[in-house]
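Letters go in sequence order (proteins before strands), and every chain restarts at 1. The structure displayed is predicted, hence computed values, not measured ones.
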2 protein chains.
Amino acid sequence: MPTISDVARAAGVSMSTVSYVLSGRRPISAETSARVRAAIAELGYHPHAGARALASSRTSVLALVVPLRADVNVPVIMQFVTAVVTAARRYHHDVLLLTKDEGTAGLERVAGATMVDALIVMDVEGDDVRIPALGRLKQPSVLIGLPDDPAGIACVDLDFAATARECLAHLAGHGHHRVALVGPSPSVYERGTTYAQRFLDGFTDASAELGLETVAHSCEPGADGVRDCLAWIDSELPGTTALVVHNEDALVPLLDELRARGRSVPGDLSIVAVCPRDVATSLPVKLTSADIPAHDVGTLAVETAMALLEGRKAPGTRLLPPTIIERDSCGPLS
Amino acid sequence: MPTISDVARAAGVSMSTVSYVLSGRRPISAETSARVRAAIAELGYHPHAGARALASSRTSVLALVVPLRADVNVPVIMQFVTAVVTAARRYHHDVLLLTKDEGTAGLERVAGATMVDALIVMDVEGDDVRIPALGRLKQPSVLIGLPDDPAGIACVDLDFAATARECLAHLAGHGHHRVALVGPSPSVYERGTTYAQRFLDGFTDASAELGLETVAHSCEPGADGVRDCLAWIDSELPGTTALVVHNEDALVPLLDELRARGRSVPGDLSIVAVCPRDVATSLPVKLTSADIPAHDVGTLAVETAMALLEGRKAPGTRLLPPTIIERDSCGPLS
DNA sequence: TTGAAAGCGATACCAG
DNA sequence: CTGGTATCGCTTTCAA
């Protein structure tokens, strides 16, 4: 493996010149630069990451902490991950993957060892024990999600309250007055992640603002859960004409059940789902949906981390506005 | 951030002693060791990864290259990833995540920069351009999958040929003689990944050995694809009493279609699926299935990488034996 | 516009 | 069982 001094010798310049050609941190004559680049190419030189990290105390690596709970939606996580990796590469960074189950220790390990320049943490809970730990690190971090108290750490997420509002507004625009929310499974509410509650709060507020009659109920997984939830809705708000579904796993059994009952979508019942684009379009009825912009959130998280590293931008919270995509599951009131 | 010499001073020993306490590469008296550890804990010392990598030319990091094609099964990929990360941690290694779309350049970048000790590459194709590139690296690598020519690189995968054989043997054991294979979509065969072909070859061979009448056909995605495939099977092998389904996405529409036709499973038709445990159990009929042991394969890949790093074990191919799990979709010939 | 040289923080060899 | 120290390969300040 050639070193920087091999390159320097081959190009007939000093080590520092080679270094500056690579970093661009000081002007180099076009001619010198060309000679150096030629030598680099010819020798197949790659700067040694460890040496570079030691000398500069920057690693060009980002830590990404992912949940591996089965209870969260795996394809969505994967979308975050690929968005983060892809965006990181645009900034010449690589991604070190940590799992949430290592908890605080994992963060302290990679940060303490100076393995990473910044950390991006997914699946943040309302009262997440990792937040104080992150605050103690010398590296900046970005949360994907919104805890009760970010404690000065940057946050990025979809604006779930506004999303609920848009869903209701969309249905109201179609003339619906009685709308039910099919929520996530109870375990999601119990667990600390706040997005379910934020969505529910937005739903409740918007319902009042828009003068709608609404109910909301969590929905256990599986066909039975869906049936129970529908039964609950029927008894609590008879004459419901539209559903907002904030529960991906419920979608397939829900459509099955409605078909079995002979209720057509959107003829008898309109539906707005909150889910990634691809699941909305892969079902028998193409669902009007509020997108989960995993790609945008992941990208923004990386951009925020980079801004923090460069000292621009104070940490704060960025909630992305929702996007409703009209498809075939929303009709006028019949 | 305290350094090793801060620890040495605090403990009243030399730097080298601290280093040896940490690495265990030479005997240290219990007393000294205790003093050093106390100092480490008190100062909150973490060895600097870059410095360590520079001095020792080992990084304690593994590269993992994942595909991000939508066409592969995302939850299965995620299982590989979590298995690799978890296993790596048991060996005190972290995982740097690369995406397949960076191609050869990504491998050369992280290996050339000495960012990783070894590489694990998923979604290897029959004639994968990355294989010669991996051969040129100074770090060892492990392939998940089985290319046409591993060129001396270690491979780990499920034994798909044996899996096909077991599926057929299982059905033959239930008295079936006419069996059809519902294969992956044509795009999977066209793309270079070899597992589909290996499964098909195993299927064909075992069919002959067991004296069965079989046909095999690829299956396009979606309900239409399933209908076409079933129609093809009906015309080519009338009286088929059992299906081997090597196509996860076809499972839901297939069961739907059979139900629509009033054909019961396993009453009228037996099914063995090749898929991860959780999808086999989450369908309306609990499917008898051949497991995709993503967790085991990922773990074994890491263990192989570690063995290679320690110089034990020559690279070679390890194909994991299949496991058929009997559930509710296989009955006797009626 | 370029060069020389002092670290960065560990590891591991040479000594004792 | 423990110490001293050269060394790893690069960045960056100081000088020219």
Side-chain angles (χ1 to χ4, degrees), chain A residues 1-37 39-40 43-61 92 109-117 138 309, chain B residues 1-37 39-40 43-61 92 109-117 138 309:
Chain A
M1 298 261 86
T3 72
I4 198 172
S5 84
D6 296 326
V7 174
R9 194 175 322 117
V13 300
S14 71
M15 283 169 54
S16 44
T17 296
V18 176
S19 177
Y20 284 118
V21 166
L22 253 23
S23 70
R25 297 170 82 84
R26 87 180 184 189
I28 299 283
S29 75
E31 184 193 14
T32 303
S33 173
R35 263 212 326 288
V36 169
R37 289 180 193 292
I40 287 175
L43 298 179
Y45 167 73
H46 290 272
H48 187 290
R52 186 171 255 192
L54 181 56
S56 68
S57 42
R58 276 176 292 96
T59 63
S60 293
V61 175
H92 306 295
R109 181 168 52 78
V110 300
T114 326
M115 299 180 75
V116 302
D117 292 338
K138 65 176 199 302
L309 283 176
Chain B
M1 297 264 87
T3 72
I4 198 172
S5 83
D6 295 326
V7 174
R9 194 175 323 116
V13 299
S14 69
M15 284 169 52
S16 44
T17 296
V18 175
S19 177
Y20 285 119
V21 166
L22 253 24
S23 70
R25 298 170 82 84
R26 86 180 183 188
I28 299 283
S29 75
E31 184 192 14
T32 303
S33 173
R35 261 209 331 286
V36 169
R37 289 181 193 289
I40 287 175
L43 299 179
Y45 166 73
H46 289 272
H48 187 290
R52 189 172 252 189
L54 181 56
S56 68
S57 42
R58 278 177 290 96
T59 63
S60 293
V61 176
H92 306 296
R109 181 168 52 78
V110 300
T114 326
M115 298 180 76
V116 302
D117 292 338
K138 66 176 198 302
L309 283 175

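Take A:S5 and apply the side-chain hydrogen bond (donor to acceptor under 3.5 Å, both in side chains) test, not counting sequence neighbours, and it matches A:T3. A:A55 pairs by the side chain to side chain contact (heavy atoms under 4.5 Å, CB included) definition with nothing, not counting sequence neighbours. The side-chain hydrogen bond (donor to acceptor under 3.5 Å, both in side chains) search around A:R35 returns none, not counting sequence neighbours. Partners of B:S29 under the side-chain hydrogen bond (donor to acceptor under 3.5 Å, both in side chains) rule, at least two apart in sequence or in another chain, are B:T32.
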* Asked: Base, backbone or nothing for each nucleotide of nucleotides 9-16 of chain C, written B, S, -, heavy atoms under 4.0 angstrom, 5' to 3'?
  -> BBBBBB--

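For the helix from C:dT1-D:dA16 to C:dG16-D:dC1, the angle separating the two terminal helix axes comes to 30°, with each axis derived from five pairs and the value rounded to 10°.
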List the atom pairs, with distances to 0.1 Å, where a side-chain N or O of residues 11-22 of chain B and a protein N or O form a donor-acceptor pair under 3.5 Å, not counting sequence neighbours.
unit_1 : atom_1 : unit_2 : atom_2 : d
B:S14  : OG     : B:S16  : OG     : 3.0
B:S14  : OG     : B:T17  : N      : 3.3
B:S14  : OG     : B:T17  : OG1    : 3.2

Contacts under 3.5 angstrom, residues 44-51 of chain B side chains, donor-acceptor by atom type, not counting sequence neighbours:
unit_1 : atom_1 : unit_2 : atom_2 : d
B:H48  : ND1    : B:G50  : N      : 3.0
B:H48  : ND1    : B:A51  : N      : 3.0

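Along DNA chain D, the stretch of nucleotides lying under 4.0 Å from any heavy atom of chain A spans, 5' to 3', D:dG9 to D:dC14.
The shortest heavy-atom contact between A:I40 and A:V7 is CG1-CG1, 3.6 Å.
Residue pairs that meet the salt bridge (Lys or Arg N to Asp or Glu O under 4.0 Å) test with at least one member in residues 3-31 of chain B, sequence neighbours left out, are B:D6-B:R9. Applying the salt bridge (Lys or Arg N to Asp or Glu O under 4.0 Å) rule to pairs touching residues 46-59 of chain A yields nothing, sequence neighbours excluded.
Near DNA chain D, meaning a heavy atom under 4.0 Å away, the residues from residues 7-14 of chain B are B:G12, B:V13, B:S14.
Note that the CG atom of B:D117 and the CG atom of B:L309 stand 5.5 Å from one another [nearest 0.5 Å].
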